[in-house]
Amino acid sequence: MAVAIPLGVHAQNKKPPTDLRGVLLEQLRTTHSDEDWFVPARVAVEGLTAEQAKWSPGKGNHSVGQLTYHLWFWDARALADFKGEKSAQFSGNNEETFDNFTAAQWDELVKKLDQVMTDWEKAVQDADDQKLAQHASLIAHVGAHNAYHLGQIIYVRKLEGAWDPGKGVK
């Protein structure tokens, strides 16, 4: 899979963050809504119908909807942990985090993913320095996990013929 890295004018004019909060927020925002090195979640899932979201490239491969559900599940669970809230019961079977997607929930799922990503950004912005340092690895892993699966979402959309390369990846 070839990935175009739009480091041109956008990245050159942007001042990099210089503290932990700034780095973590940048990572969360670039996987959510800010177009930078790769396509963010908002762009990756926009304009997709429920039918397109349930398409899979074959046995053992996940659909965009399944990948989106998985991202929402883990982002919400990690955020609850970060906030010290009790998470919903989970069997520990990661496949369940993909398999609970249905096409009927697609539009609502897109909103839920956007909301949990927004909530993550607010939580990091509002956290005190001690809490931020204590959970920095968790937050960095959330960003890396998001980026990984966003790449898969774009790849599945390309295989399906449901991706506009003008949105960031040729």
Side-chain angles (χ1 to χ4, degrees), residues 1-49 52-53 57 61-83 97-98 106-107 109-129 131-170:
M1 172 174 77
V3 176
I5 302 176
L7 291 176
V9 177
H10 177 71
Q12 290 176 0
N13 292 336
K14 189 175 161 192
K15 253 188 136 173
T18 58
D19 65 350
L20 180 61
R21 184 180 320 277
V23 169
L24 294 172
L25 281 170
E26 178 184 59
Q27 189 175 29
L28 291 172
R29 288 175 179 148
T30 58
T31 59
H32 176 211
S33 58
D34 291 356
E35 295 182 48
D36 196 22
W37 284 44
F38 48 84
V39 175
R42 276 193 185 154
V43 176
V45 299
E46 77 182 356
L48 205 60
T49 67
Q52 290 170 316
N61 296 301
H62 297 112
S63 69
V64 169
Q66 289 173 307
L67 292 163
T68 303
Y69 186 92
H70 174 82
L71 279 177
W72 167 78
F73 176 91
W74 284 113
D75 279 16
R77 190 168 184 82
L79 182 60
D81 290 347
F82 177 77
K83 291 179 167 184
T97 70
F98 294 100
W106 175 246
D107 291 336
L109 180 59
V110 169
K111 292 174 190 168
K112 286 169 50 173
L113 179 63
D114 185 63
Q115 187 60 58
V116 75
M117 291 178 130
T118 298
D119 292 348
W120 254 118
E121 292 164 20
K122 181 168 179 15
V124 168
Q125 184 64 52
D126 295 346
D128 62 46
D129 291 342
K131 182 172 187 159
L132 202 60
Q134 184 180 13
H135 292 87
S137 179
L138 168 69
I139 300 162
H141 279 87
V142 166
H145 182 249
N146 289 346
Y148 172 76
H149 288 299
L150 288 169
Q152 289 181 311
I153 287 170
I154 300 304
Y155 186 66
V156 171
R157 287 192 69 172
K158 289 174 81 175
L159 290 174
E160 183 182 7
W163 179 248
D164 174 1
K167 291 184 176 185
V169 179
K170 306 270 186 247

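Put simply, OG1 on Thr118 and CH2 on Trp120 are 13.5 Å apart, with the number rounded to the nearest 0.5 Å. Here the CH2 atom belonging to Trp72 is positioned 11.0 Å from the CZ atom belonging to Arg77, to the nearest 0.5 angstrom. With values rounded to the nearest 0.5 angstrom, Thr68 atom OG1 is found 12.0 Å from Asp114 atom CG. We find the NZ-CG distance between Lys83 and Asp119 to be 5.5 Å, quoted to the nearest 0.5 Å. Distance check: Trp163 CH2 to Tyr155 OH gives 15.0 Å after rounding to the nearest 0.5 Å. Within the model, atoms NE2 of His145 and OH of Tyr148 stand 8.5 Å from one another, a figure rounded to the nearest 0.5 Å.
A side-chain donor-acceptor contact under 3.5 Å links His149 and His70. For Gln152 and His62, the side-chain atoms include no donor-acceptor pair closer than 3.5 Å.
Counting heavy atoms from C-beta outward, Arg21 and Asp129 have side chains that approach closer than 4.5 Å. Side-chain contact between Ile139 and Phe82: present, with at least one pair of heavy atoms (C-beta onward) separated by less than 4.5 Å. At least one side-chain heavy atom of Val156 sits less than 4.5 Å from a side-chain heavy atom of Pro57. Side-chain contact between His32 and Leu113 is absent, with no heavy atoms from C-beta onward closer than 4.5 Å. Residues Thr31 and Met117 form a side-chain contact, since some pair of their non-hydrogen atoms from C-beta on lies under 4.5 Å apart.
More than 12 heavy-atom neighbours from other residues, nucleotides or ligands sit within 6.0 angstrom of NZ on Lys167. Environment of NZ in Lys122: sparse, with no more than 12 heavy atoms of neighbouring residues, nucleotides or ligands closer than 6.0 Å.
With sequence neighbours left out, the side chain to side chain donor-acceptor pair (under 3.5 Å) criterion links Asp81 to Ser87.
Taking 4.0 Å as the cut-off between side-chain N and carboxylate O, Arg157 and Asp164 do not count as a salt-bridged pair.
For the pair His135 (side chain) and Lys131 (backbone), a donor-acceptor distance under 3.5 Å is present. Under the 3.5 Å distance criterion, the side-chain polar atoms of Trp106 are matched with a main-chain donor or acceptor of Leu48.
Closest approach of Ala44 to Leu150, counting heavy atoms only: CB-CD2, 4.0 Å. A pairwise comparison of heavy atoms in Leu20 and Ala133 identifies CD2-CA, 3.9 Å as the closest pair.
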- [ ] May I have the step-by-step check of side-chain contact (heavy atoms from CB on, under 4.5 Å) for Ile153 and Leu71, ending in yes or no?
- [x] CA-CA 11 Å; Ile153 287 170; Leu71 279 177; 4.2 Å; yes

